[in-house]
Structure formats: C-alpha cells, structure tokens
Amino acid sequence: MAAGTLLVLLTGCSGGSQPSEPSSSAAPTALKQEAEVLAPLDCPAVVPAAAVAGILGVPVEDLAQVYPDPSTGGASPNSEAVAIVMAAAAREASGEQSCGYWAAAGTDDESSVRVSVLPGSARYFALTEPDPNDGHPMLPVGLGDAAFFACRGGEWDGCRAQILVGENWLSVSVAKQEPDEAEFLAYAGTLADAVAEVTLTSPPIAPRVECAALLSPFDLTESGHLIDAGGGDITPVGSGNFRFEVPAYLAGLVDCSWGSDQGAGGDRVHLTVLPAAQSAWSQASIASLNSSIPVQPVDLSHDADARWPDAGIEALSGCSDHDCQVTVLADGVWLTVTTTGPAGLADATALAVKAFARYAAAV
C-alpha cells in the first residue's frame, strides 16, 4: 500500500463548511527558535504487538514494524523535492507520532495497523466532520471525548477511526479483509484508553503568516511574470484537504501557490516557509535531494535589495529548463521559492527576498 494512501486512511475526517481559524493565545516566538526535540511515543506500550496480531488474525512473529516515510520526494526527480522535505520536517516538529505494523512481512498480504497521535490539536479536531466524499461517511461513536469511525470494503478493506482524547487527536487505521466492526471498535477503545494514560508534549504553536501578506499581486506580476495571478494558501483552514495538513499547520508551515489564468497554463510561483528549521535544514542535504532543479550554494548576503539578519544567510539556487528555485535559511527560518515559466533566477531571488522581509516583520 502506498504511503500516500496510508496518509489518507489515517486522516479520514474531512473539513466542514469553511470554519474560521481558531485564535491562538500563544505569543509569537523568535525567528531563530529551534524546534523542540520531543520524547518518542512508547509504541510497544501504546500499540502492543500482541494486540495488533489479534486484530489482524496473524501470529506475532509475522508482524513487521512500520517506519515513517522519509518523504524525500519519490523515485522520479521532482521540482517540489525541497518543499516535500520541508513539509515532512513540519510534521515532525508538530509532535505527531506514529506506530504501526504490517502483517506477513515479505508477502502480498497488505493487512496492517497504523496509529498516529497529534498532541495539542483539539481545536482542529473540532473543525472536522465525518468524511462525506468517499461513499463511506464516518459515523459518531462513543470513544474518547469525541470520535468518528467507518468500515468499508472495495478499493480498500478495513476500518478507521478519528478519536479525540483530551487534547490529543488519535487516528487508527486497520487494513484487513472483511473487517469486523465490533472487533475494531473494541480495539480502538483500548488504544484510546492507552493514549489517555500517556503524557504527551505539545510543542508551542509556531507563528504563521498568511500567503497574501508575503507576496503581493504586484510582486507576482513583476517578478513572477504571472498575469492576473490567483491562488494563495494551498490548504486553507476549512478546506477539504486541510485535515491532512493539521500537523504541518501547527508547526507554522506556510505553503502558497499562485498561477495565472493567462499565458502558459503551467506558469506559477510556489512559496514555502518553515520556522525553527535550523536542524531540518542541516539534515536535509538539499543539493543531494532527488530534485529536477539542480541547485548549488550561492552568496546572497550582498544583494542590494535584501535585508538579511545580522547572523547571516545560507542559500542555494538553480534552474532547470522551465523551473527556477531559491531556498534560504536565515535566523532559523527556511524559505523556498520555486517558479515555473518565464520567471528566471533573478526573479525567484527577488521574490524570496521580499517574502523573507515580510515574514520577519510579521512575526
């Protein structure tokens, strides 16, 4: 089963009718603050292998532990490889933790159990509702403080549940042929009870700036070469896909995309910003990512239009046939601009300079 499919199964609640973003009482943090290193969830205690074997109906020795997808962008070179790594780093910084097992390792049996816990996310759980789009809407059930579940067959056989346990969002997915609803609910109940006994650290909510405050229509026309640009936040609060992005949102990830209704249909500007990202940047080996845009270190410290922090800036940039990219780290903020179409490297750099200055001023 593909990693993207598992993500959908684990996040089976869907956004409702465009609710407003909940306000946060958390004060903005300094740009250079580093993401917390959180204690890992004790998977053997919360998701014991014996119980997994029981719900899947297989011997314990047939189980193989599921490890997180490193999210390096896939097998084919991808112009979004840097943005994908940034999103993965944001999910990690959010405090979301996962445990899981495959059954019959090394065979075609795709039976599995996947469990994830996202601390400090009750406000966003309250903005979701049962999934109305796949023909198998999730129904309310008496687990935890609030919960929805569904069992289904066809393209995917199994059951899933979304459970609020205090401030923690628990997602449970059991993939197996001919799932038993009562058996699944009993199993999900034991997981909710286990999570209720665990103390999970919720990182401080990172400052977040809206896309429209970072690049203006004038910027997108002058430097992005977009005509009548439209777009903005890729997953705004309340959108159908927002349920997949709650962890990254909590970590402060800003993910924006603009396109043009005129000119070439593929012309666009993509902006991604992640705060508290010094460690993520250091670990990414950006020049070695499986990207279709070759980048190399570049000195932007003397750019006449830039106002970089006194601590300096690290940057890489480059272009392919149709895309250009600039990715920078300054004061712990990782910012990447990718352009597709007539915008050149100087244009992408100008957009990065403007976006960083406005981000720094806003937080």
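Just so we're clear, the structure is a prediction, and the values are computed from it rather than from any experiment. Count residues from 1 along the sequence.
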Less than 4.5 Å apart, side chain to side chain, heavy atoms only: is that true for [X] and [Y]?
X	Y	value
L300	V326	yes
V198	L41	yes
E61	L63	no
V82	Q325	yes
V273	M86	no
F125	V246	no
E96	V117	no
T221	I227	no

For the [atom1] atom of [X] and the [atom2] atom of [Y], what is their distance to the nearest 0.5 Å?
X	Y	atom1	atom2	result
L170	D145	CG	CG	11.5 Å
S171	R160	OG	CZ	10.5 Å
T272	W334	OG1	CH2	10.0 Å
M138	F149	CE	CZ	8.5 Å
L220	L226	CG	CG	6.0 Å
D255	D233	CG	CG	7.5 Å

Report task. Pick out which of T338, T327, D321 makes a side-chain contact (heavy atoms from CB on, under 4.5 Å) with I293. Result ->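 Passing option: T338.
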N/O donor-acceptor pairs under 3.5 Å from side chains in residues 179-191, not counting sequence neighbours:
| from | atom 1 | to | atom 2 | distance (Å) |
| --- | --- | --- | --- | --- |
| D180 | OD1 | A182 | N | 3.2 |
| D180 | OD1 | E183 | N | 2.7 |
| T190 | OG1 | Y187 | O | 2.5 |

Given 3.5 Å as the limit, does a donor-acceptor pair link the side chain of [X] with the main chain of [Y], or not?
X	Y	value
D157	E178	no
D299	S301	yes
R208	L253	yes
S292	S79	yes
R358	L214	yes

Query - Verdict with reasoning, E167 to S121, per side chain to side chain contact (heavy atoms under 4.5 Å, CB included) - result: CA-CA 6 Å; E167 288 293 312; S121 55; over 6 Å; no
Non-hydrogen atoms of [X] and [Y] that approach each other most closely:
X	Y	answer
S98	C43	O-SG, 3.7 Å
V85	A284	CG1-CB, 4.1 Å
W169	Q162	NE1-OE1, 2.8 Å
C211	G232	SG-C, 3.8 Å
Y359	P275	OH-CB, 3.4 Å
S112	W102	CB-CE3, 3.4 Å

Parallel, tilted or perpendicular: rings of F356 and W308 (30°, 60°):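 Taking F356 first and then W308, their aromatic rings sit tilted (interplane angle of 30° to 60°).
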- Message: Please determine whether side chain to side chain contact (heavy atoms under 4.5 Å, CB included) holds for the pair L118 and N168, giving the CA-CA distance in whole Å, both sets of side-chain angles, and the decisive distance to 0.1 Å.
- Response: CA-CA 6 Å; L118 180 62; N168 304 312; over 6 Å; no
Side chains of residues 339-355: which donor-acceptor partners sit under 3.5 Å, not counting sequence neighbours?
| from | atom 1 | to | atom 2 | distance (Å) |
| --- | --- | --- | --- | --- |
| T340 | OG1 | D323 | OD1 | 2.5 |
| D347 | OD2 | H225 | NE2 | 3.1 |
| D347 | OD2 | G344 | N | 2.8 |
| T349 | OG1 | L345 | O | 2.9 |
| K354 | NZ | D219 | OD1 | 3.3 |
| K354 | NZ | E222 | OE1 | 3.2 |

Have D267 and S260 got a donor and an acceptor in their side chains that come within less than 3.5 Å?
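No pair is found: no donor N or O on one side chain lies under 3.5 Å from an acceptor on the other.
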Item to complete: Run the numbers on W258 and L271 for side chain to side chain contact (heavy atoms under 4.5 Å, CB included), then give the verdict.
Response: CA-CA 9 Å; W258 295 271; L271 168 67; 4.0 Å; yes
Report task. Apply the test side chain to side chain contact (heavy atoms under 4.5 Å, CB included) to residues V328 and E314: give CA-CA distance (whole Å), side-chain angles for both, the deciding distance (0.1 Å), then the verdict. Result -> CA-CA 6 Å; V328 305; E314 297 178 66; over 6 Å; no
Review point. Is V46 reachable from V60 through a run of I, L, V, M, F, W or Y residues, each pair having side-chain heavy atoms under 4.5 Å apart?
Key: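 Result: no, two separate clusters.
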